[in-house]
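Both ligands and their constituent atoms are indexed starting at 1 by order of listing.
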Amino acid sequence: MERFKLYIDGQFDDGAGAFESLDPATGAPWALMAEAREAEVDRAVLAADRAFRAPAWAGLTASARGKLLMRLADLVQAAAPLLAALETRDTGKIIRETSAQIAYVAEYYRYYAGMADKIEGAHLPIDKPDMEVWLRREPVGVVAAIVPWNSQLFLSAVKLGPALAAGCTIVLKASEDGPAPLLEFARVVHEAGFPPGVVNIITGFGPTCGAVLAAHPKVSHIAFTGGPETARHIVRASAENLSRTSLELGGKSPFIVFDDADLDSATNAQVSGIFAATGQSCVAGSRLLVQRGVKDEMLARLKAKAEAVRIAAPDLMTTEVGPLCTARQRDRIAGIIAASVAAGARLVTGGQLPAGPGFFFPPTILDCSDAPDAPCVRQELFGPVLSVLPFDTEDDALRLANDTAYGLASGVFTRSLTRAHRMIRGIRAGIVWVNTYRAVSPIAPFGGHGLSGHGREGGLAAALDYTTVKAVWLRTSDDPIPDPFVMR
Ligand code: NAD
């Protein structure tokens, strides 16, 4: 079996032991991952803390940090085929998506490389004639970046890029499910030439690794992507040290189709929104809200597409839907579908566990017209399962769209410009895609409201999130300080 190590303080590390990683396409173990427990977490955080203050990193100019990030971007691009193959092997995500996504991850590092020396302070027109006051933007400190299994290189880049541009140091925790691509990424970081301790990459289990990292007193900011329940643990852990948090959580995103929409486009976008990445996408458009006049037509088109999808081994370029990452995830999805059918949802297609090895699950559509509160409408499934609800008016569409505790993404399909604008205003979500879906860029902020979390990744604001403002007061007068008992 292949073996992967931790990366702590510039060294590859065997950890406290090793755990098996399963190939989701076969269900069989294929690699051993070094495991971080309390001692390794502590070593990694202390290394990051030392590196934060050491001249080798703290003394670099912002431009020099940018150059290191640019080198990392080039190396990620060169290593993209290997990293993609490992992500596909260890998480089951299809090679068609991992190879395109990881090549694009390099663009995130380039974007933040360019930003490193554009994180500017400010000079203030202060209301005291004998004072100069300016603001310095300084890195916040050690960042704990904790990611889930899906899109680990991408979800790491949106944390590492801005945090390193700002001058922070990092302990990145890969998910215990499918950590291979991030542990291999450590070799790329090493080759890029960051000083030891600036980037540390570990993996381990939630309670024995993630929780210890989140609670570590030397961590200043926890950048977390994952589920809302884990996010609550993170926030509780952050309370002790009053560390900052940014939380990118799940969603139950509405995909709204009006009867004037281009149905070819809407159908393809909906397929991309829910069946791509086998539905394991935080922005999955998992609730199709469709105007009653085109409901039957949309359902017929989607059923035909869902049944024609090529389900096969994830490492084939022709595969469209691969396995889910874990058996636990597959069984959970099957359970929610059964409960939804019992609550009155009608199975249009899919829903049955296929025979054979691996954690496969077929594209599934549930017509929830008679069960608008079925579990599949309310809960995030994180799988290829679409719940469909009809609506009559724009107001109905908005009411249904916003009838969720989440607020990450949304899609609107209409040819009416004025209606599109009304929907954009009315939808409560961090992203609105109009006549498109599942598009991302380093230039555009990404994040949500409510149970979808807070904070934004991507864009300029993300880098500012990893800084703290220092206000500097400098007196320009040589006269003695006046009355010391009066505040100036
Ligand atoms: P999860 O919350 O179970 O795990 C995420 C990470 O947190 C893992 O590395 C895990 O080991 C760690 N963890 C677990 N318990 C912890 C604890 N007590 N303290 C600290 N860390 C702990 O998430 P998951 O099930 O692996 O991933 C799926 C979830 O991620 C879904 O809800 C999905 O929507 C969400 N997600 C969100 C985005 C986004 O950008 N908004 C992107 C991808 C995935």
Taking [atom] as the reference point, the nearest protein heavy atom with its distance:
atom	value
atom 12 (C) of ligand 1	Ile146 CG2, 3.8 Å
atom 28 (C) of ligand 1	Phe382 CE2, 3.7 Å
atom 26 (O) of ligand 1	Trp149 CE3, 3.3 Å
atom 18 (N) of ligand 1	His233 CB, 3.6 Å
atom 20 (C) of ligand 1	Gly210 C, 3.1 Å
atom 8 (C) of ligand 1	Val147 O, 3.4 Å
atom 23 (O) of ligand 1	Gly227 N, 3.5 Å
atom 27 (O) of ligand 1	Pro148 CB, 3.1 Å

Please check: side-chain N/O of [X] versus main-chain N/O of [Y], any donor-acceptor pairing under 3.5 Å?
X	Y	result
Trp433	Ala439	yes
Thr467	Leu464	yes
Lys252	Gly407	no
Arg244	Asp465	yes
Asp90	Ala180	yes

Does any N or O of ligand 1 fall below 3.5 Å from an N or O anywhere on [X], backbone included?
X	answer
Thr230	yes
Leu249	yes
Glu380	yes
Phe205	no
Phe224	no
Glu176	yes

Any [X] side-chain heavy atom under 4.5 Å of [Y] side chain:
X	Y	value
Lys218	Phe52	no
Asn200	Ile170	no
Ile431	Phe446	yes

Between the candidates Pro228, Gly226, Gly250, Ala409, which shows the shortest non-hydrogen contact distance to atom 29 (C) of ligand 1?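 That would be Gly226.
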Given Thr208, Asn150, Thr203, identify the one with the heavy atom nearest to atom 43 (C) of ligand 1.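 It is Asn150 that holds the nearest heavy atom.
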Can you sort out which atoms of ligand 1 are near [X], meaning under 4.0 Å from one of its heavy atoms?
X	value
Leu155	42 (C), 43 (C)
Cys282	34 (O), 36 (N), 37 (C), 38 (C), 39 (C), 40 (O), 41 (N), 42 (C), 43 (C), 44 (C)
Ala211	17 (C), 18 (N), 19 (N), 20 (C)
Lys173	8 (C), 9 (O), 10 (C), 11 (O)
Ile234	20 (C), 21 (N)
Thr225	5 (C), 36 (N), 37 (C), 38 (C), 39 (C), 40 (O), 42 (C), 43 (C), 44 (C)
Glu248	37 (C), 38 (C), 39 (C), 40 (O), 41 (N)
Phe446	40 (O)

Is the contact between [X] and ligand 1 made by the side chain, the backbone, both, or neither, using heavy atoms and a 4.0 Å cut-off?
X	answer
Leu408	side chain
Asp177	neither
Glu229	neither

Closer than 4.0 angstrom, basic N to acidic O: yes or no for Asp14 and Lys5?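 So Asp14 pairs with Lys5 through a salt bridge.
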State plainly whether the residues Arg232 and Glu229 are in salt-bridge range, i.e. N to O under 4.0 Å.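 Yes, Arg232 and Glu229 are salt-bridged.
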Taking the six-membered ring for Trp, are Phe12 and His190 parallel (under 30°), tilted (30 to 60°) or perpendicular (over 60°)?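 Aromatic pair Phe12/His190 classed perpendicular.
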Parallel, tilted or perpendicular: ring planes of Phe255 versus Phe413, cut at 30 and 60 degrees: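 Plane angle under 30°, so parallel.
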Please say which of Val388, Leu389, Leu366 ends up in a side chain to side chain contact (heavy atoms under 4.5 Å, CB included) with Val377.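 When side chain to side chain contact (heavy atoms under 4.5 Å, CB included) is applied between Val377 and each of Val388, Leu389, Leu366, only Leu389 qualifies.
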Against Phe361, only a single residue in Gln329, Gln352, Arg330 fulfils side chain to side chain contact (heavy atoms under 4.5 Å, CB included); can you say which?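 Of the listed options, the one satisfying the test is Arg330.
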Close aromatic pair by centroid cut-off 6.0 Å: Phe185 and Tyr7: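 They do not qualify: ring centres at least 6.0 Å apart.
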As an exercise, state the distance from OG of Ser238 to CZ of Phe224, rounded to the nearest 0.5 Å.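 Reported to 0.5 Å precision, the distance equals 12.0 Å.
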